[in-house]
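Only one structure is covered here, and it is reproduced in the block below.
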Amino acid sequence: MTHAFPPADSGAPQRFPVVVVGAGPAGLTVGNILRAASVDCLVLESETREFIERRPRAGVIEEWAVRGLEKRGLARNLLDRAELHTACEFRFDGERYRFPYGELTGSHHFVYPQPLLVTDLVREYADVRGGHIRFGVRDVQVHDLDTDRPSVSYTCPETGERHVVHCDFVAGCDGARGATRASLPPERVRIARHDYGIGWLALLAEAPPSADCVLFGCHARGFAGQMPRSPQVTRYYLQCPPGDAPENWPHERVWSELQERLGAAGVPPLTEGRLIEKRVLDMHDYVVEPMVHGRLHLAGDAAHLVAPIAAKGMNLALHDAFLLGDALVARLATGDGSGLDGYAQACLRRVWDYQEFSQWLSEVYHGTAAGDPFRAGTTLARLRRLFTSPAAAAAFAEQYLGTAARH
């Protein structure tokens, strides 16, 4: 299905079957699914192409999500370049405990930094499949969502002119602070939010990983984590007070705490390196309901956020995108609206499953540092059970890999 449209600078009204707001993994995946089915769409992004291709973000992709990308012709570089992880390691009580989830389930994680995936998706959408995308747009607004003639307006960054794009559907993939989420009538929206009351100092170090897998340090001084990103760069996390300032964490303090919290008997010290990023994340989750308002369908962080505790955020965004892209194609190509009708319910089943696991895992990570001997004791019991009970190990592995959720 191909729709003619005038050039962006012609001054004539523009029309696309779908306008996608936001060029993150969710928006670009939706766009690619539409283009593969010869459905025209326009992607609007407030940042530059260079910015989104370099923005540091998540890097852990679950196997079902990779297979979904592969099915849609979007995983070629990922499959060639990603690292495969089949185990993680917990460190607590001064000891190390390796958890071989690949052996337990036959599944694994792919480690492929989000900027690389976004680069692949932009290239496929814009350069290979001929999709239309406009970067650097300002003041995006959505209109008439309750009608069958919605539209999206934006300001062109080059000319300062206002453009209006008419469409059949809007895909809101522009995050928590984006225009699409803000357009929802407050009286018709419920935002369920959970604050953990802790912060994580997120760090990128120019240093090779100090182990061949993800490390979780559950320590009385606070949680610490190592997430390999590449042979030269490693992501670290340190539990800190919410609202803490990165300036409170100079190089020496960071590495001293990492060495202490990730230390264990018989393991060499961490390999230290220059810190190229330091920012504090306040740990919280939210879920927006409904995810659909008229002709607007939210996806990714515009609809829900899960704290990076369980590395689920990008996976949820891709799950939304697969469902939404396929549903839009069915509706526009064949008139079948059943996928769009069931979209939010299908998304939210996995969203709530991942939110529950994130809460459970947070207690594992942070309970020993709560300053409460009872919580510390029950947390250590929970950790020990993972390595003594096959049933507990299997349940954790399913949730950690996302294989327990319905999709």
* Asked: If you take all heavy atoms of R98 and C213, which pair is closest and at what distance?
  -> NH1-SG, 3.6 Å
* State, yes or no, whether a side-chain contact exists between E47 and E53 at a heavy-atom distance under 4.5 Å. => no
* Would you sort out whether V43 and F135 count as a side chain to side chain contact (heavy atoms under 4.5 Å, CB included), showing the intermediate values? => CA-CA 8 Å; V43 176; F135 294 100; over 6 Å; no
* **E89-Q226 side chain donor-acceptor pair, cut-off 3.5 Å** => no
* To do: Report, as yes or no, whether the 6.0 Å neighbourhood of atom CZ on R76 holds more than 12 heavy atoms from other residues, nucleotides or ligands.
  => no
* Is there a donor-acceptor pair under 3.5 Å between the side chain of R253 and the backbone N or O of N248? -> yes
* To do: Keeping to residues at least two apart or across chains, list the side-chain hydrogen bond (donor to acceptor under 3.5 Å, both in side chains) pairs with something in residues 385-395.
  => none
* Return the set of residues passing ring-ring contact (aromatic ring centres under 6.0 Å, His included) with F92 (not counting sequence neighbours), or none when no residue passes. => Y97
* Asked: If we only count heavy atoms from C-beta on, is the V66 to L79 side-chain gap below 4.5 Å?
  -> yes
* Closest approach of P228 and A211, non-hydrogen atoms and distance? -> CG-O, 4.3 Å
* **Test item: Y354 and H304 side chains (from C-beta on) under 4.5 Å apart, heavy atoms** => no
* Quick check: does any side chain N or O of E272 sit under 3.5 Å from a backbone N or O of A207, one acting as donor and the other as acceptor? -> no
* For T147, all residues meeting side chain to side chain donor-acceptor pair (under 3.5 Å), sequence neighbours excluded -> none
* Should we count CD of E206 as having more than 12 external heavy atoms under 6.0 Å? -> yes
* Asked: Do the non-hydrogen side-chain atoms of L361 and Q399 ever get within less than 4.5 Å of each other?
  -> no
* To do: Answer yes or no: are there more than 12 heavy-atom neighbours, outside R162 itself, under 6.0 Å from its atom CZ?
  => yes
* Asked: Distance-only, no hydrogens or angles: does the T119 side chain make a donor-acceptor pair with backbone N or O of P115 under 3.5 Å?
  -> yes
* Asked: Is there side-chain contact between W64 and N315, with at least one heavy-atom pair below 4.5 Å?
  -> yes
* **Inter- and intrachain pairs under salt bridge (charged side-chain N to carboxylate O under 4.0 Å, His left out), touching residues 302-316, at least two apart** => E62-K312
* **Trace of the side chain to side chain contact (heavy atoms under 4.5 Å, CB included) decision for R138 with S46** => CA-CA 6 Å; R138 295 287 177 263; S46 62; 4.3 Å; yes
* Asked: Under 6.0 Å from the six-membered ring centre of Y125 and within 45° of its axis: does the NZ or CZ of R35 meet both?
  -> no
* Asked: Do L201 and E257 come within less than 4.5 Å of each other through their side chains, counting heavy atoms only?
  -> no
* To do: Could I get the full list of side chain to side chain donor-acceptor pair (under 3.5 Å) partners for T48, not counting sequence neighbours?
  => none
* Under the 3.5 angstrom rule, does the side chain of R261 hit a backbone N or O of Q239 as a donor-acceptor pair? -> yes
* Sequence neighbours excluded, which residues qualify as ring-ring contact (aromatic ring centres under 6.0 Å, His included) partners of F216? -> F90, Y365
* Asked: Is any side-chain heavy atom of P308 closer than 4.5 Å to a side-chain heavy atom of M283?
  -> yes
* Could you pull out all residues at least two apart from R54 that satisfy side chain to side chain contact (heavy atoms under 4.5 Å, CB included)? => none
* Counterpart residues, ring-ring contact (aromatic ring centres under 6.0 Å, His included), relative to Y400 (two or more places apart) -> Y101, H109, F396
* CD on Q259 to CG on L270, rounded to 0.5 Å -> 4.0 Å
* With no hydrogens and no angle check, is any side-chain donor or acceptor of S210 less than 3.5 Å from a backbone partner on T271? -> yes
* Hey, does the side chain of D282 reach the backbone of G243 with a donor-acceptor pair shorter than 3.5 angstrom? -> yes
* Over 60° means perpendicular and under 30° means parallel, so classify the ring planes of Y236 and W255, tilted if in between. => perpendicular
* Asked: Per the side chain to side chain contact (heavy atoms under 4.5 Å, CB included) rule, which among V152, V165, L34 passes with F16?
  -> V165
* Separation of H85 NE2 from H108 NE2 (nearest 0.5 Å) -> 10.5 Å
* Intermediate values then yes/no, side chain to side chain contact (heavy atoms under 4.5 Å, CB included), D353 and R349 -> CA-CA 6 Å; D353 186 82; R349 280 197 297 268; over 6 Å; no
* The single option from V30, V39, V20 passing side chain to side chain contact (heavy atoms under 4.5 Å, CB included) against L328 -> V30
* Any side-chain heavy atom of V118 sitting closer than 4.5 Å to one from P25? -> yes
* Determine the minimum heavy-atom distance between R235 and L203, stating which atoms define it. => CD-O, 3.2 Å
* With H194, which residues qualify under ring-ring contact (aromatic ring centres under 6.0 Å, His included), at least two apart? -> Y196
* Structure fact -> Hits for side chain to side chain donor-acceptor pair (under 3.5 Å) against R193, two or more places apart or cross-chain, chain-then-number order -> D195
* Structure fact -> Applying side chain to side chain donor-acceptor pair (under 3.5 Å) to R129 and not counting sequence neighbours gives E124
* Before accepting this row, confirm whether a basic side-chain N of the pair R67/E63 lies closer than 4.0 Å to the acidic partner's carboxylate O. => yes
* **R295 side chain vs D168 backbone, donor-acceptor pair below 3.5 Å** => yes
* Drop me the distance from D301's CG to M314's CE, to the nearest 0.5 angstrom. => 11.0 Å
* **Worked check of side chain to side chain contact (heavy atoms under 4.5 Å, CB included) between H251 and L275** => CA-CA 7 Å; H251 180 96; L275 299 172; 4.3 Å; yes
* To do: Determine the minimum heavy-atom distance between F99 and A393, stating which atoms define it.
  => CZ-O, 3.3 Å
Kindly list each side-chain donor-acceptor pair under 3.5 angstrom involving residues 178-192, sequence neighbours excluded, with atom names and distances?
from : atom 1 : to   : atom 2 : distance (Å)
T180 : OG1    : D174 : OD1    : 2.4
S183 : OG     : T180 : O      : 2.6
R190 : NH2    : E289 : OE2    : 2.7

